[in-house]
Amino acid sequence: MKYKAATIKDIAQALGLSTSTVSRALRDSHEISAATRQLVLDHAAQLNYHPNPIALSLKEKKSRSIGVIVSEIANSFFSQTINGIESVANEKGYTVIISQSHESFEKEVSTLQYLASRSIDGLLISVSSATKDLAPLKALHQYGFPIVFFDRIVEEIATHQVRVDNFQGAYNATTHLLQQGYQRIGCITNSAHLSITRERVAGYVAALDKAGIRLPASLIKYCFHGGMLQEEVADAVQELLQEKKRPDAIFATSDKLTTGCIRALKKAKLAIPEDMGLTGFSNSDLIELLYAPITVVRQPAFEMGQVATELLLQLIESKRPVKDFETKVLQTSLITPP
């Protein structure tokens, strides 16, 4: 037998009430007596009645759903961020539709088009490493569509943004390596045009400058796919190892890059930290199980998701156009193994 969802009409017929009376009772209207309201609620529970989201969206002119686009859900940082997003959205009665760009601009654009066609109320996005053309996002934004950027932000679009202090996080990680006695520190980082790349490389360079160390640009390796392709990270590590004066440590600027470096160094039979120092951004609780415990920069991913969602819902639920936007900057933590 085909499943048929219970409706307000079913409840009304069963109780001998009008559909308008049942509707008001379900909405806790003061026009309905407590006894009638309880009668309706009890019968609604028996029938496993749930409000029709399509009917509600037509009535409210809202779908009560938000879209989220990240590069990869399997990335521990983004999975934790999504948990934060859902914790706020679900409490406020919003459904979250999650999509992955897989670091592809084309996939990001097609996902944008799909989500917009589904009449979502707003969008949370961390742009892909391949995203240079902002025209699709700008078109949505100019139309008045609520967008909040998190992690990988876009300065060219005036809206709320949430990120960590990437500069300080990278500065602290590089300083930690210097304090451990490493002097020639290489850097493996994401696509060059991303905001997180610029800020983290700047923090790395600033820490070296403060220590009076100037290293050649060849010790900075950019990975366009941000670690999603292990061979790309392996090639970057190999290039560093083939330098005339190879580095004695590596700073990796993202989750995937850090774990990718661990695998590449293991394959090269280099022990951490005896043969090569390593530190990097990572939110994985399992990183020490991959090879050796290392010091990592931990981002408040769950909090980032919560803050970004709260800002997006402010845009969605505002009665007037929002013109004053905030950039929320959260602090990272340097986690050292016991």
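Residue numbers count from 1 along this sequence. Not measured: the values here are computed from a predicted model.
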Give every donor-acceptor pair under 3.5 Å between a side-chain atom in residues 331-338 and any protein atom, sequence neighbours left out.
none

Residue list, side chain to side chain contact (heavy atoms under 4.5 Å, CB included) with [X], at least two apart or on another chain:
{"X": "L241", "result": "V237, Q238, R246, A268, L270, M276"}
{"X": "Q180", "result": "H176, Y182"}
{"X": "T175", "result": "Y171, Q179, A207"}

Worked check of side chain to side chain donor-acceptor pair (under 3.5 Å) between T253 and T189: CA-CA 5 Å; T253 67; T189 189; 2.8 Å; yes
Of the options E239, E243, K244, which is the one that meets S218 in a side-chain hydrogen bond (donor to acceptor under 3.5 Å, both in side chains)? E243
Ring pair (Phe, Tyr, Trp, His ring centres under 6.0 Å): pairs with one or both residues in residues 314-338, sequence neighbours excluded: H160-F325
Mind jotting down which residue pairs meet the ring pair (Phe, Tyr, Trp, His ring centres under 6.0 Å) criterion with at least one end in residues 100-152? Sequence neighbours excluded, please. none
K107, NZ atom: more than 12 neighbouring heavy atoms under 6.0 Å: yes
Is there side-chain contact between I272 and L265, with heavy atoms separated by less than 4.5 Å? yes
Check the side chains of D42 and Q46 for a donor-acceptor pair under 3.5 angstrom, ignoring hydrogens and angles. no
Any luck finding a side-chain donor-acceptor pair between S18 and S20 under 3.5 Å? yes
